[in-house]
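What follows is a short report on a single structure.
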Amino acid sequence: MPDKDLEQKLDEGLSLLRSIRPPRRRIAVALDGGGIRLLRPDDVVYINPSAGEKDRRLNFYMADGSQHYNFAELADLERLLVDDPRFARVHKSYLVNLEYVTRITVVDGGRALHFDVLPELTIKATDLDVLKAYFGLGSKDAAL
């Protein structure tokens with residue numbers, strides 16, 4: 001039988017670690033009229049490349065429903081946000097701020113991540129490890 005005091009101390013330590021905020025950074029995106037806007041990662045819900053466009057721009061979907069873009073590679077953004085545990089590559093084309101996921105549902109071929117203000121994202125069932133780790137879910141949880 002595990003020691004309850006040790007278990008409680010570990011839980012408290014994990015809670016403290018989760019409460020530590022990553023360093024504040026800004027992400028540069030283009031403004032339509034020219035210039036650059038600096039976004040707070042806290043406000044970014046998810047990032048994905050534009051499909052089928054030659055310019056290979058990244059779209060930033062924001063908590064307020066707005067959308068911005070820049071011309072970086074998704075891997076570059078992933079490296080920039082590597083020390084921010086809220087951001088995870090849940091698919092080859094999506095970097096998601098997991099704090100904005102409000103629900104996970106089962107869909108054909110995978111799972112749908114739901115957000116308050118944006119359309120859902122569908123990811124493959126094979127890409128669930130990061131969700132399981134972040135949300136502390138096991139294989140017996142209904143959505144996974």
Side-chain angles (χ1 to χ4, degrees), residues 2 6-144:
L6 178 60
E7 192 174 344
Q8 181 180 357
K9 288 181 192 280
L10 286 172
D11 284 341
E12 289 170 1
L14 283 172
S15 294
L16 178 62
L17 286 173
R18 287 184 182 123
S19 70
I20 297 172
R21 296 191 62 110
R24 295 219 176 245
R25 292 199 169 145
R26 300 286 178 145
I27 301 169
V29 295
L31 290 173
D32 286 333
I36 295 174
R37 178 175 178 176
L38 300 174
L39 302 177
R40 292 173 5 135
D42 293 356
D43 300 329
V44 177
V45 178
Y46 64 86
I47 305 163
N48 79 311
S50 295
E53 290 190 24
K54 294 178 192 174
D55 59 17
R56 300 183 59 126
R57 75 181 193 184
L58 292 179
N59 295 309
F60 290 74
Y61 297 88
M62 308 301 291
D64 65 3
S66 65
Q67 186 177 340
H68 303 282
Y69 66 93
N70 77 10
F71 294 99
E73 295 287 330
L74 194 57
D76 295 334
L77 258 308
E78 187 176 17
R79 280 190 291 279
L80 176 70
L81 296 167
V82 71
D83 59 350
D84 191 331
R86 299 170 298 175
F87 283 87
R89 188 92 171 249
V90 297
H91 180 275
K92 67 180 181 175
S93 298
Y94 293 107
L95 188 59
V96 174
N97 183 340
L98 296 173
E99 288 295 306
Y100 284 102
V101 175
T102 57
R103 201 164 37 110
I104 302 169
T105 57
V106 177
V107 296
D108 285 342
R111 303 298 182 270
L113 304 181
H114 298 265
F115 309 94
D116 282 339
V117 296
L118 295 170
E120 67 190 44
L121 295 179
T122 300
I123 62 171
K124 295 178 187 174
T126 56
D127 294 331
L128 297 176
D129 289 343
V130 70
L131 297 178
K132 290 177 183 179
Y134 187 83
F135 294 114
L137 299 171
S139 59
K140 295 185 181 194
D141 289 296
L144 298 177

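Sequence positions, counted from 1, serve as the residue numbers for this chain.
Remark: Ile36 CD1 is loosely packed, at most 12 non-hydrogen atoms of other residues, nucleotides or ligands lying under 6.0 Å away.
Put simply, CD1 on Ile104 and CZ on Phe135 are 5.0 Å apart, with the number rounded to the nearest 0.5 Å. Rounded to the nearest 0.5 angstrom, Phe60 CZ and Ile47 CD1 are separated by 4.5 Å. Note that CG of Leu31 and CG of Asn70 are 11.5 Å apart. Values are rounded to the nearest 0.5 Å. In this structure, the separation between CZ on Arg57 and NE2 on His68 is 12.0 Å, given to the nearest 0.5 Å. Rounding to the nearest 0.5 Å places OG1 of Thr122 at 8.0 Å from CG of Leu113.
The side-chain heavy atoms of Met62 and Gln67, taken from C-beta on, include no pair separated by under 4.5 Å. Val106 is listed as a side-chain neighbour of Arg111, based on a closest heavy-atom distance under 4.5 Å. Side-chain contact between Val101 and Tyr134 is absent, with no heavy-atom pair separated by less than 4.5 Å. At a threshold of 4.5 Å between non-hydrogen side-chain atoms, the residues Leu58 and Leu74 count as touching. Contact of the Leu38 side chain with the Ile27 side chain is not registered, since no non-hydrogen atoms from C-beta on lie closer than 4.5 Å. Between Leu121 and Asn48, every side-chain heavy-atom pair lies at or beyond the 4.5 Å cut-off.
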| said: Before you tell me yes or no, could you show the steps for Ile123 and Leu128 under side chain to side chain contact (heavy atoms under 4.5 Å, CB included), namely the whole-Å CA-CA distance, both residues' side-chain angles and the distance that decides it to 0.1 Å? | reply: CA-CA 8 Å; Ile123 62 171; Leu128 297 176; 3.9 Å; yes
| request: Quick one: do Asp43 and Arg40 satisfy salt bridge (charged side-chain N to carboxylate O under 4.0 Å, His left out)? Show the steps, please. | output: CA-CA 6 Å; Asp43 300 329; Arg40 292 173 5 135; 3.2 Å; yes
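Shown here for Asn59 and Ser50, the closest heavy-atom pair between the two residues is ND2-OG, 2.9 Å. Heavy-atom minimum distance, Leu77 versus Ala72: CD2-CB, 3.7 Å.
With salt bridges taken as basic N to acidic carboxylate O contacts below 4.0 Å, one links Asp42 and Arg86.
Not less than 6.0 angstrom separates the ring centroid of Phe115 from the ring centroid of Tyr61.
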Please tabulate, one pair per line, all N/O donor-acceptor pairs under 3.5 Å involving side-chain atoms of residues 90-98, not counting sequence neighbours.
unit_1	atom_1	unit_2	atom_2	d
His91	ND1	Ser93	N	2.9
Asn97	OD1	Glu99	N	3.1
Asn97	ND2	Val44	O	3.2

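Applying the salt bridge (charged side-chain N to carboxylate O under 4.0 Å, His left out) criterion to Asp76, with sequence neighbours excluded, gives Arg79. Contacts of Asp108 classified as side-chain hydrogen bond (donor to acceptor under 3.5 Å, both in side chains), with partners at least two apart in sequence or in another chain: none.
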